[in-house]
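Atom set for the values below is all heavy atoms of this structure, side chains included, hydrogens, waters and symmetry mates excluded. Order of appearance sets the numbers: ligands from 1, and atoms from 1 within every ligand.
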Amino acid sequence: MSSPAPALRYKRILLKVSGEVLMGEQGFGIDPNTLEAVAKDIAEVVSHGVELCLVIGGGNIFRGVSLAGKGMERSSADYMGMLATVMNALALQGALEKEGVFTRVQSAIPMDAVCEPYIRRRAMRHLEKGRVVIFAAGLGAPYFTTDTPAALRSAEMGCEALFKGTSVDGVYTADPKKDPKAVRYEQLSYHDVLAQDLRVMDASAIALMRDNEIPIVVFSIRERGNFLKVLKGQGVFTTIA
Ligand code: UDP
């Protein structure tokens with residue numbers, strides 16, 4: 001007799017996808033095949049009854065710090081970065097709908113003609129109805145990246161874990177793309193990440209997760225089927241708790 005399939009570890013989670021993931025092998029923008037693959041993975045998880053919040057970055061289109069570094073006023077550059085996250089949110093919404101997943105985009109910067117404004121109780125209701133809620137425009141405030149809004153929304157929405165989908169399969173002692181001797185951590189504490197300045201996420205996001213005791217799971221969203229696998233506790237990932 002075959003053993004029963006492993007149960008999913010969480011009922012409600014937030015997935016943060018960095019914008020970079022969406023560009024696939026191209027250097028900029030959104031690669032349609034990658035977008036479709038990510039949407040399929042998300043749809044697979046939703047079909048298992050997981051209540052899912054999404055926060056998507058904007059680094060594939062625009063990062064505030066890059067232009068601020070070249071002389072542009074930081075706040076304006078950051079607002080452009082936030083708008084980039086709205087574009088990604090709409091792209092992901094479209095791709096998820098193609099997979100038959102019901103979604104709502106809520107933006108921290110009200111944009112009535114494009115999506116809903118962020119209203120916590122309304123977002124909660126969407127989740128209860130099985131809709132994926134995509135939080136766009138970060139916090140609506142400059143001087144942050146999308147890590148902190150991902151942490152804040154996961155606390156606000158009562159998520160049991162924050163999943164960070166990147167192009168690397170966890171947290172390493174050094175950059176595995178540059179250092180062949182880099183070793184992946186299985187488990188880290190919030191303190192380890194902050195004290196060793198491991199740059200998994202912004203320190204403000206890590207501190208928020210620590211104070212609210214929400215674990216962070218770092219995994220690669222580039223491999224097909226990996227999101228569900230990691231939710232079952234299988235495959236390769238790093239947990240910060
Ligand atoms: N951003 C911001 N406030 C926020 C969220 C994002 O100012 O609350 C801006 C910031 O300029 C950031 C850009 O939006 O660089 C894109 O987000 P991020 O760098 O997090 O994208 P990712 O690296 O995840 O693709």
Subject >> Which residues share a side chain to side chain donor-acceptor pair (under 3.5 Å) with Y79, sequence neighbours left out >> reply: none
Return a table of N or O atom pairs, ligand 1 on one side and protein on the other, at distances under 3.5 Å, rounded to 0.1 Å.
unit_1, atom_1, unit_2, atom_2, d
ligand 1, 1 (N), F144, O, 3.2
ligand 1, 3 (N), A141, O, 2.7
ligand 1, 3 (N), F144, O, 3.4
ligand 1, 7 (O), F144, O, 3.3
ligand 1, 8 (O), L139, N, 2.7
ligand 1, 11 (O), G64, N, 2.9
ligand 1, 11 (O), D78, OD1, 2.5
ligand 1, 14 (O), G81, O, 3.4
ligand 1, 14 (O), M82, N, 3.4
ligand 1, 15 (O), G64, N, 3.4
ligand 1, 19 (O), R63, NE, 3.3
ligand 1, 20 (O), T146, N, 2.7
ligand 1, 20 (O), T146, OG1, 2.4
ligand 1, 21 (O), G58, N, 2.9
ligand 1, 21 (O), G59, N, 3.2
ligand 1, 23 (O), R63, NE, 3.3
ligand 1, 23 (O), R63, NH2, 2.7
ligand 1, 24 (O), K16, NZ, 2.8
ligand 1, 24 (O), T146, OG1, 3.3
ligand 1, 25 (O), G19, N, 2.7
ligand 1, 25 (O), G58, N, 3.3
ligand 1, 25 (O), G59, N, 2.8

Subject >> Ionic contact status for E160 with K11, cut-off 4.0 Å >> reply: no
Original post:
Mind checking what makes salt bridge (Lys or Arg N to Asp or Glu O under 4.0 Å) contact with R63, not counting sequence neighbours?
Top reply: E20
Side-chain atoms of residues 22-34: list all donor-acceptor pairs with protein atoms under 3.5 Å, sequence neighbours left out, distances to 0.1 Å.
unit_1, atom_1, unit_2, atom_2, d
Q26, NE2, F28, O, 2.9
D31, OD2, T34, N, 3.2
D31, OD2, T34, OG1, 2.4

Original post:
Counting distance only, does the side-chain N/O of R12 pair as donor-acceptor with the main-chain N or O of M157 below 3.5 Å?
Top reply: yes
**OP:** Determine whether the side chains of N88 and T85 contain a donor N or O and an acceptor N or O closer than 3.5 Å.
**Re:** no
